[in-house]
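Note that this is a predicted model, so its numbers are computed, not measured. When a ligand or atom number is given, it counts from 1 through the structure's own listing order.
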Amino acid sequence: MTTKTTTNDAVTIDNIITLCKSRGFVFPGSDIYDGLANTWDYGPLGVELKNHIKKLWWREFVTANENSVGLDGGILMNRNVWVASGHVSGFSDPLMDCKECQTRTRADKLIENNDANINADGWTNQALEDYINQHHLVCPNCGKFNWTPIRQFNLMFETHRGVTKDNADQIFLRPETAQSEYINFQNVQRSMRLKVPFGIGQIGKAFRNEITPGNFIFRTVEFEQMEHQFFCHANDSMAWYEKYKQKIWHFITKVLGVREENLRFHDHEKLVFYAKAACDMEYHFPFGWGELNGTHHRGVHDLTNHQNLSKKSMEYLDPITNEKYIPTVIESSQGVERLFLAILCDAYRTETLADGDTRVVLKLNPNLAPYQICVLPLQKKGLTETATKLYRELQQNFNVTYDDAGSIGKRYRRQDEIGTPLCITVDYDTLEDQSVTIRDRDTMEQVRVKLTDLNAKINELLTKSF
Ligand code: GAP
């Protein structure tokens with residue numbers, strides 16, 4: 001059944017949501033209590049996919065990257081971190097409430113959704129209100145036109161530290177992981193005796209009180225970031241910026257296998273005053289092009305602000321030139337869940353097979369697939385012992401699952417739908433000839449392999465280009 005397969009990769013966000021919930025990738029947060037807006041729980045397959053993404057990123061940006069080390073900073077930090085970073089004063093969204101249905105809406109997004117050519121980021125409240133009035137933009141929820149004035153809402157989740165209300169100090173859940181990397185610049189440089197240029201990578205949770213129009217896990221209030229800050233001399237900084245742009249492109253296309261035709265760079269037209277360059281990589285999601293990650297030339301802004309407020313030096317003394325300077329930062333910032341969504345959208349296909357049957361198949365890179373292998377006994381009777389023994393043996397080296405429920409055809413389809421690259425079937429001949437059948441997810445071709453050659457054959461098939 002290897003020929004005359006027609007493939008359709010036109011995926012909708014509903015296809016992905018349905019697959020995610022029914023196959024254990026992503027569940028709505030607090031599901032049994034009718035949910036909590038913009039929160040999600042990652043199921044057994046989702047957590048495997050997320051872990052694979054994070055492991056590959058860590059290798060690419062930390063362990064196998066030049067001059068880079070890792071960090072695991074706290075979610076809670078001194079309030080001054082967010083004063084120095086500018087988040088206390090400036091990290092806000094322009095929101096307005098519909099007086100008819102009480103739904104809160106982001107004014108800039110309402111305008112951008114009305115006209116895709118407009119970028120309303122940075123507009124004053126007055127400019128936003130004028131546009132909304134002139135174009136009579138109605139509430140997307142109830143269709144009425146009855147807005148409150150626009151107010152700026154800070155996106156940081158606030159909490160309090162202290163055992164009694166009286167001595168409670170206001171603190172925040174971090175809205176990005178990057179600040180730990182900046183405030184630990186000296187700790188890391190000195191303890192590891194690093195020479196500039198060097199990088200610090202970190203993976204961790206971040207929280208933003210976002211009002212969003214849905215789009216599944218694209219924009220959520222709790223998410224994980226994989227961020228890498230590269231500290232370098234200003235003179236070399238644009239070369240490092242270009243290098244980190246290429247690095248993230250290589251990671252997404254070559255390491256993860258996302259198709260290049262669904263990706264593009266988008267340079268920021270308006271730069272903040274301290275930035276020399278900034279760009280997003282965008283993915284063509286089913287709902288349109290959306291930001292996947294960012295590469296930012298942040299100048300000396302972050303380290304200088306922390307130096308000024310903390311009164312602790314952020315300068316570096318070059319041991320060869322004796323030059324003392326605050327290093328320039330090149331940031332690479334990637335959200336785990338957004339990449340997860342792009343990977344699923346990119347891998348999803350529906351296929352009509354030669355016999356008229358259809359299948360959904362996730363053409364995931366084997367390094368990302370929740371399971372690399374599924375072991376299936378053709379029948380339970382007489383084969384369970386041999387199949388479970390093989391399953392246990394393979395678990396020592398691979399991510400493996402086991403399925404003995406239903407017809408073999410249905411079991412293949414289930415594995416295709418969750419992206420398992422190889423199915424290994426144990427049949428009655430196995431008991432005689434000590435061989436099994438390996439079925440390839442993409443071609444559906446089957447090969448018979450001796451158990452003694454099995455590990456080598458699996459490795460060969462998993463590393464062929466998918
Ligand atoms: N330190 C820089 C920074 O945080 P950002 O553009 O605000 O920059 C970087 O965020 C990345 O984090 C985004 O490109 C996206 O992948 C992810 N991200 C940001 N906000 C998110 C949200 N509310 N939900 C999911 N992912 C988000």
Identity and distance of the protein heavy atom lying nearest atom 20 (N) of ligand 1:
R208 NH1, 3.3 Å

How far is atom 9 (C) of ligand 1 from its nearest protein heavy atom, and which residue and atom is that?
S333 OG, 2.9 Å

Could you walk me through whether H228 and S68 pass the side chain to side chain donor-acceptor pair (under 3.5 Å) test, one step at a time?
CA-CA 9 Å; H228 182 269; S68 281; 2.8 Å; yes

Given H135 and D115, is the side chain to side chain donor-acceptor pair (under 3.5 Å) satisfied, shown in steps?
CA-CA 11 Å; H135 293 81; D115 183 344; over 6 Å; no

Can N305 and Y182 be said to form a side chain to side chain donor-acceptor pair (under 3.5 Å), step by step?
CA-CA 10 Å; N305 282 357; Y182 303 141; over 6 Å; no

Centre of F207's six-membered ring, under 6.0 Å away, within 45 degrees of the axis: is that where NZ or CZ of R174 sits?
no

Could you tell me which atoms of ligand 1, counted from 1 in the order shown, lie closer than 4.0 angstrom to a heavy atom of E210?
20 (N), 22 (C), 23 (N)

Any chance you could measure E129, atom CD, to W123, atom CH2, to the nearest 0.5 Å?
13.0 Å

Check: F265 ring centre within less than 6.0 Å of W249 ring centre:
yes

Ligand-side contact atoms (ligand 1) for residue partner A178, heavy atom cut-off under 4.0 Å:
1 (N)

I'd like to check whether I217 has a polar contact with ligand 1, where a contact means an N/O of the residue lying under 3.5 Å from an N/O of the ligand.
no

Which ligand 1 atoms are under 4.0 Å away from a heavy-atom of N293?
14 (O)

To the nearest 0.5 Å, atom NZ of K363 lies from atom CD of E351 at 4.0 Å

N/O of E291 under 3.5 Å from N/O of ligand 1, yes or no?
yes

Could you list which atoms of ligand 1 come closer than 4.0 Å to a heavy atom of E331?
1 (N), 2 (C)

Report yes or no: does a heavy atom of R338 sit under 4.0 Å from some atom of ligand 1?
yes

Would R104 count as a cation-pi partner of F153, with NZ or CZ less than 6.0 Å from the six-membered ring centre and within 45° of the ring normal?
yes

Identity and distance of the protein heavy atom lying nearest atom 24 (N) of ligand 1
T220 N, 3.0 Å

Given the ring of F61, does K247 sit roughly above its face, with NZ or CZ under 6.0 Å from the centre of the six-membered ring and within 45° of the axis?
yes

Please could you name the atoms of ligand 1 that E176 approaches to less than 4.0 Å, counting only its heavy atoms?
1 (N), 2 (C), 3 (C), 4 (O)

Of the choices E224, E282, Q225, which has the non-hydrogen atom that lies closest to atom 12 (O) of ligand 1?
Q225

Check: F273 ring centroid to H301 ring centroid under 6.0 Å
yes

Tell me, which pairs form a side-chain hydrogen bond (donor to acceptor under 3.5 Å, both in side chains) where one or both residues lie in residues 271-281, sequence neighbours left out?
H268-D280, Y274-R298

Between D280 and ligand 1, which part of the residue brings a heavy atom under 4.0 Å of the ligand: side chain, backbone, both or neither?
neither

What atoms of ligand 1 come closer than 4.0 angstrom to any heavy atom of E227?
1 (N), 2 (C), 3 (C), 4 (O)

If I apply the N/O under 3.5 Å rule, does R219 come out as touching ligand 1?
no

To which protein heavy atom is atom 21 (C) of ligand 1 closest, and what is the distance rounded to 0.1 Å?
F223 CZ, 3.4 Å

Proximal atoms of ligand 1 relative to F218 (non-hydrogen, under 4.0 Å):
24 (N), 25 (C), 26 (N)

